[in-house]
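Letters A, B, ... are given to chains in the order of the sequence lines, protein chains preceding strands, and every chain is numbered from 1.
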2 protein chains.
Amino acid sequence: MKEFKVIEIKQSIYESNDIEAEKLRNKLKESNTFLLNLMSSPGSGKTTTLLRTIEQLKDEMRIGIMEADIDSDVDAKTIADAGVKTIQLHTGGMCHLDAKMTSDGLDNLGVDDLDFAVLENVGNLVCPAEFDTGATKSAMILSVPEGDDKPLKYPLMFKVVDVLLINKIDTLEVFDFDMDAVCKRARKLNPDIKIIPISARTGQGIEVWTDWLRTQVMKVKE
Amino acid sequence: MKEFKVIEIKQSIYESNDIEAEKLRNKLKESNTFLLNLMSSPGSGKTTTLLRTIEQLKDEMRIGIMEADIDSDVDAKTIADAGVKTIQLHTGGMCHLDAKMTSDGLDNLGVDDLDFAVLENVGNLVCPAEFDTGATKSAMILSVPEGDDKPLKYPLMFKVVDVLLINKIDTLEVFDFDMDAVCKRARKLNPDIKIIPISARTGQGIEVWTDWLRTQVMKVKE
């Protein structure tokens with residue numbers, strides 16, 4: 001009976017979250033801001049990828065980053081040093097961000113003067129996939145050392161994102177990672193997924209990623 | 001108000017979970033079975049570490065493995081092939097295991113003929129740390145590619161475990177990973193934590209780990 005209760009509550013959270021998410025998406029449209037929700041496992045390179053992205057795009061558009069973390073502000077410090085508007089969101093132990101938390105974060109960040117905002121979600125392949133944050137688009141990073149079986153084990157994440165960045169491709173020789181297999185597995189779950197292999201460390205593939213972002217930022221302004 | 005409700009429910013879940021966990025720990029003591037809760041991020045090498053562990057210990061003790069996954073049974077197949085009793089637990093989207101789920105799993109696995117049982121938890125550094133599964137001891141794996149800043153970002157996990165395995169040390173040259181820094185950060189959170197650097201791929205350090213496990217299995221029988 002206890003378990004039944006939990007499930008009931010989860011459903012009602014999901015429903016009201018979906019309403020909040022739609023509200024936020026409409027608000028973003030009005031302010032012509034493109035919001036990206038960036039998700040991954042811990043340590044797959046979200047912050048390093050953002051640094052590369054900022055480097056490529058900061059002269060063309062106004063960028064703002066929200067760093068979500070359970071604790072600490074190491075990433076926010078790194079990102080702020082890159083010269084863009086940055087805030088740190090502490091989730092207080094929560095394993096994901098929902099639309100309300102994202103919306104509160106954006107109120108603090110301020111979107112009126114931004115073309116492109118990013119929510120760097122908590123490092124977690126499970127819970128963040130379950131909550132629509134209200135972002136315009138979502139992307140995930142899978143890094144080569146994590147292995148090519150991840151779409152089989154965390155299918156929801158691969159289903160809900162628009163883009164899959166495969167990071168750390170400069171280490172492909174060190175790990176037993178089948179690129180074709182991972183692409184096939186991801187596309188089986190999500191036929192429209194855009195897959196971009198990158199190395200945030202060397203810069204390889206980053207232009208394909210920033211081209212996609214540029215297009216999205218322009219679309220929001222149409 | 002909605003958020004307040006959620007917190008209330010979480011607290012009641014935690015309380016009843018702690019009672020369930022104590023019950024399970026007592027039951028394990030009675031059956032002289034040592035249960036290890038093994039946690040980590042996705043892709044840090046839980047299954048490969050278990051394979052190495054089984055290889056070293058299976059002639060000395062009776063081992064049983066519970067593979068928890070949101071979906072799929074790839075890991076259970078791999079472990080079953082190693083010649084030990086294995087069951088797959090599907091969490092149905094849940095991001096962690098609690099004491100009741102662990103206890104149900106053990107009923108299915110059967111502990112009366114086991115010296116050493118392992119719960120391979122869902123790949124997640126956040127939620128599994130919040131729930132006492134009732135296991136005798138807990139261990140986590142941090143892999144070198146994930147980075148040395150993880151204790152700063154996921155502190156609870158490092159606080160609650162007895163052992164930290166640092167895996168993939170055969171790739172230390174490829175990554176910018178400061179072993180001293182990570183040990184210092186982990187010990188600041190958890191002064192009693194036992195830290196064992198390993199490579200599940202090459203076998204390096206595995207004996208230190210299996211020595212610790214052997215001692216634990218013997219302690220339970222005392």
Is [X] close to chain A through its backbone or its side chain, or both, or neither, when contacts mean heavy atoms under 4.5 Å?
X      : value
B:V174 : both
B:D75  : side chain
B:L156 : neither
B:P145 : both

Notebook entry, point to check: Atom NE2 of A:H96 and atom SG of B:C95: how far apart are they, to the nearest 0.5 Å?
Noted result: 9.0 Å

Margin query: How long is the straight-line distance from CG of A:D149 back to OG1 of B:T47, given to the nearest 0.5 Å?
Written below: 8.0 Å

Check: Does the side chain to side chain contact (heavy atoms under 4.5 Å, CB included) test come out yes or no for B:V122 and A:V126, once each step is laid out?
Finding: CA-CA 9 Å; B:V122 178; A:V126 188; 4.1 Å; yes

Checklist line | Shortest non-hydrogen separation from A:K168 to B:F175 and the atoms involved | finding: CD-CE2, 4.1 Å

Item checked: Shortest non-hydrogen contact between B:D69 and A:K153, atoms and distance -> OD1-CE, 3.2 Å

Step through the shown structure and confirm whether more than 12 heavy atoms of other residues, nucleotides or ligands are within 6.0 Å of [atom1] on [X].
X      : atom1 : answer
B:E22  : CD    : yes
B:D176 : CG    : no
A:E55  : CD    : yes

Notebook entry, point to check: Do you know which of A:P42, A:P155, A:A129, A:G147 has the most heavy-atom pairs under 4.5 Å to chain B?
Noted result: A:P42

Note to self: Keeping A:Y154 on the side-chain end and B:G123 on the backbone end, is there a donor-acceptor pair under 3.5 Å?
What the structure shows: yes

Margin query: Are A:N124 and B:C127 packed together at the side-chain level, in the sense that at least one heavy-atom pair is separated by less than 4.5 angstrom?
Written below: yes

